[in-house]
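A note on names: the letters A, B, ... follow the listed sequences, proteins ahead of strands, and every chain is numbered from 1. Excluded from the calculations below are hydrogen atoms, water molecules and symmetry mates; all remaining heavy atoms, backbone and side chain alike, are included.
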2 protein chains.
Amino acid sequence: MQFFKTENKNTHFCFFSSLTREQIAQLNLEEINKTFKKGEVIFNEGAYPNALYVVYKGVVKVHMYGDSGKEQIIRLAQPGDLLGYRSLISNDPYRATASATEETRLFKIPKDTFFNLIKQNTDFSLKLMKLLSDDLKNAERKVIYMAQKSVREKIAEALLLLNDTFGIDENNFAIKSKLTRKEIGDIAGVTTESTIRTISDFNKENIINIDGKKIIITDLNRLKSEVKNKIA
Amino acid sequence: MQFFKTENKNTHFCFFSSLTREQIAQLNLEEINKTFKKGEVIFNEGAYPNALYVVYKGVVKVHMYGDSGKEQIIRLAQPGDLLGYRSLISNDPYRATASATEETRLFKIPKDTFFNLIKQNTDFSLKLMKLLSDDLKNAERKVIYMAQKSVREKIAEALLLLNDTFGIDENNFAIKSKLTRKEIGDIAGVTTESTIRTISDFNKENIINIDGKKIIITDLNRLKSEVKNKIA
DNA sequence: CGAGGAGTTGATTCCAATCAATTTCGGTGG
DNA sequence: CCACCGAAATTGATTGGAATCAACTCCTCG
């Protein structure tokens with residue numbers, strides 16, 4: 001079961017890899033009999049959560065809109081990641097929308113099961129708290145990022161995130177992401193035009209290589225060094 | 001005991017007001033025999049937490065530095081708020097520094113007590129999760145804020161935060177904050193000069209009134225309307 | 001094969017940072 | 001009590017980075 005992967009992902013950590021098999025068994029994971037296609041919405045801002053989702057295949061973008069209508073991608077959820085647990089715990093309506101960025105399949109954990117597990121299993125609770133803490137850490141880090149970094153740094157960071165999240169194609173070494181330039185900009189908090197210009201700059205400087213829409217990171221170290229003072 | 005205040009604070013919620021008296025008794029609250037003066041550091045970025053702090057009197061700023069050295073204030077903790085619980089749960093060194101913005105007194109909850117309580121008291125755990133969730137919600141909101149808002153909106157938001165956090169003086173209606181203009185800018189993620197100019201604009205437009213360093217919000221509604229699409 | 005979305009590029013604008021200089025204020029020691 | 005010092009606040013001038021506006025090309029997919 002791929003949940004047990006142990007790779008150390010940069011941005012998110014695989015929640016399930018930290019659970020025991022027994023704990024996973026208690027989850028009553030129920031596979032949703034539906035494959036979400038690119039762009040399909042899993043849940044919408046404003047809706048009330050009645051279950052927790054677990055990404056099983058694919059990558060989901062969690063995004064919200066500023067008042068001007070500009071989109072901001074809050075995070076990317078990959079296999080093993082939870083979706084919508086924050087709203088569930090806070091008992092709030094979703095404040096963000098979740099959409100598939102590629103063919104995606106999900107498990108569902110009924111709300112009751114989830115809360116029962118929290119109540120019965122302190123170990124599970126602790127792990128969930130740790131997950132929340134880590135997400136909070138990332139979000140706080142992103143605040144300072146948005147406030148202080150240049151477009152160039154933001155795009156470099158976004159590309160590194162894509163690299164970590166989607167991985168690379170064995171054949172052509174391109175990042176296996178289906179995100180558009182606009183969406184990359186939405187991660188970085190930057191306009192589409194600036195995103196394109198910056199990606200083009202990186203290309204000219206041989207830090208990356210553009211092959212159509214595909215991006216190949218040719219000099220990972222230089223890309224990383226664009227992101228100063230990176231916090232692991 | 002002032003922890004039982006019920007005011008609905010805008011940005012943080014008073015953790016202790018949601019606990020039963022019994023739960024509070026279990027906390028082994030230990031008053032720290034020290035009054036922190038304005039500017040004094042409670043804990044430093046990089047240090048390892050060995051206890052949880054509860055603000056009892058005063059307001060504490062939690063802040064970190066971008067690589068250029070620019071400061072960013074992550075949040076303001078007021079009486080009843082917890083300090084350092086994220087790092088404690090994640091078992092990380094502190095990633096931010098906490099300093100008093102005025103005379104501050106703290107309680108301390110030993111690390112062991114804290115974790116024992118989590119393990120023994122599911123209700124407490126749930127409340128802690130809710131707290132984490134709410135902080136996460138705020139942080140995510142701030143990400144989009146930093147990415148998309150103008151200086152004017154950011155300063156308006158910061159002033160509203162000050163108003164909620166410090167309250168106003170009964171005599172002159174000034175916000176009872178001892179923060180400098182620079183610090184207000186550090187909340188908003190804006191330079192000191194831009195902060196001053198914007199505050200001065202609000203003054204000219206009779207949205208606020210400046211009396212020396214003191215700020216009096218004279219037209220709260222207009223100030224609020226500067227912050228479009230405010231999420232409660 | 002047409003249409004529309006995605007990508008790209010160039011020109012222009014403008015907001016806010018930066019740089020620079022001056023004033024005000026709060027505290028402190030003589 | 002006052003003079004003085006350094007920090008904070010303020011104001012002005014300039015710069016620059018990124019958004020915006022606009023036009024065009026290139027896919028791709030129905």
Side-chain angles (χ1 to χ4, degrees), chain A residues 37-39 66-72 99 101-102 144-159 162 174-175 177-204 208-215 226, chain B residues 37-39 61 66-72 99 101-102 144-159 162 174-175 177-204 208-216 226:
Chain A
K37 300 223 176 0
K38 177 171 171 57
D67 359 304
S68 57
K70 181 164 168 47
E71 196 174 329
Q72 176 69 47
S99 339
T101 70
E102 57 184 51
I144 201 165
Y145 226 87
M146 289 301 180
Q148 299 190 10
K149 300 291 179 163
S150 67
V151 162
R152 194 175 160 97
E153 287 174 286
K154 288 180 191 171
I155 295 296
E157 172 105 339
L159 291 179
L162 295 194
I175 296 173
S177 138
K178 293 194 178 64
L179 297 189
T180 64
R181 302 293 143 121
K182 173 181 175 303
E183 285 175 310
I184 296 174
D186 292 340
I187 293 171
V190 156
T191 58
T192 309
E193 295 93 324
S194 292
T195 303
I196 289 170
R197 275 185 250 268
T198 307
I199 288 177
S200 166
D201 288 346
F202 285 152
N203 183 38
K204 282 174 203 144
I208 63 172
N209 208 303
I210 299 177
D211 172 21
K213 313 203 165 186
K214 285 292 169 193
I215 294 170
E226 287 294 329
Chain B
K37 301 223 175 358
K38 177 172 170 56
K61 67 169 176 177
D67 359 304
S68 57
K70 182 164 170 44
E71 197 175 327
Q72 175 70 47
S99 342
T101 70
E102 57 184 51
I144 201 165
Y145 225 85
M146 288 301 178
Q148 299 191 8
K149 301 290 179 164
S150 68
V151 162
R152 195 176 160 95
E153 287 173 286
K154 288 180 191 171
I155 296 296
E157 171 105 341
L159 292 179
L162 295 195
I175 296 173
S177 138
K178 292 194 178 65
L179 297 189
T180 64
R181 304 292 144 123
K182 174 183 174 301
E183 286 174 310
I184 297 174
D186 292 341
I187 293 171
V190 156
T191 58
T192 309
E193 294 93 324
S194 292
T195 304
I196 289 169
R197 275 185 250 269
T198 307
I199 288 177
S200 167
D201 288 345
F202 285 152
N203 184 38
K204 281 175 203 143
I208 64 173
N209 208 302
I210 299 178
D211 172 20
K213 311 204 167 185
K214 287 291 169 193
I215 294 170
I216 298 150
E226 286 294 329

Quiz item: Hey, where on DNA chain D does chain B first and last touch, going 5' to 3'? Cut-off is any atom under 4.0 Å from a heavy atom.
Solution: D:dA8 to D:dA13
Practice problem: Under the side-chain contact (heavy atoms from CB on, under 4.5 Å) rule, collect the residues that match up with B:Ala158, sequence neighbours excluded. | Solution: B:Ile184, B:Ile187, B:Ala188
Quiz item: To the nearest 10 degrees, what angle separates the axes at the start and end of the helix from C:dC1-D:dG30 to C:dG30-D:dC1, five pairs each?
Solution: 40°
What residues form a salt bridge (Lys or Arg N to Asp or Glu O under 4.0 Å) with [X], not counting sequence neighbours?
{"X": "A:Arg197", "answer": "none"}
{"X": "A:Glu71", "answer": "A:Lys61, A:Lys182"}
{"X": "A:Lys70", "answer": "A:Asp186"}
{"X": "A:Arg152", "answer": "A:Glu205, A:Glu226"}

Self-check item: Spacing of B:Ile155 atom CD1 relative to C:dA16 atom P, expressed in whole Å
Solution: 10 Å
Quiz prompt | Under the side-chain hydrogen bond (donor to acceptor under 3.5 Å, both in side chains) test, residues paired with B:Thr192 that sit two or more places apart | solution = none
Quiz item: Taking only residues two or more places apart in sequence or in another chain, which ones pass side-chain hydrogen bond (donor to acceptor under 3.5 Å, both in side chains) with B:Gln148?
Solution: none
Quiz item: Can you check whether A:Lys38's main-chain N or O pairs, donor with acceptor, with A:Lys178's side chain at less than 3.5 Å?
Solution: no
Practice problem: Can you see which heavy atom on A:Leu179 is nearest to which on A:Ser177, and at what distance? | Solution: N-OG, 3.0 Å
Quiz prompt | Heavy-atom protein contacts under 4.0 Å, nucleotides 6-13 of chain C, coded B base, S sugar-phosphate only, - none | solution = SSBBBB--
Exercise. Decide yes or no for A:Ile155 and A:Phe202: does some side-chain heavy atom of the first lie under 4.5 Å from some side-chain heavy atom of the second?
Key: yes
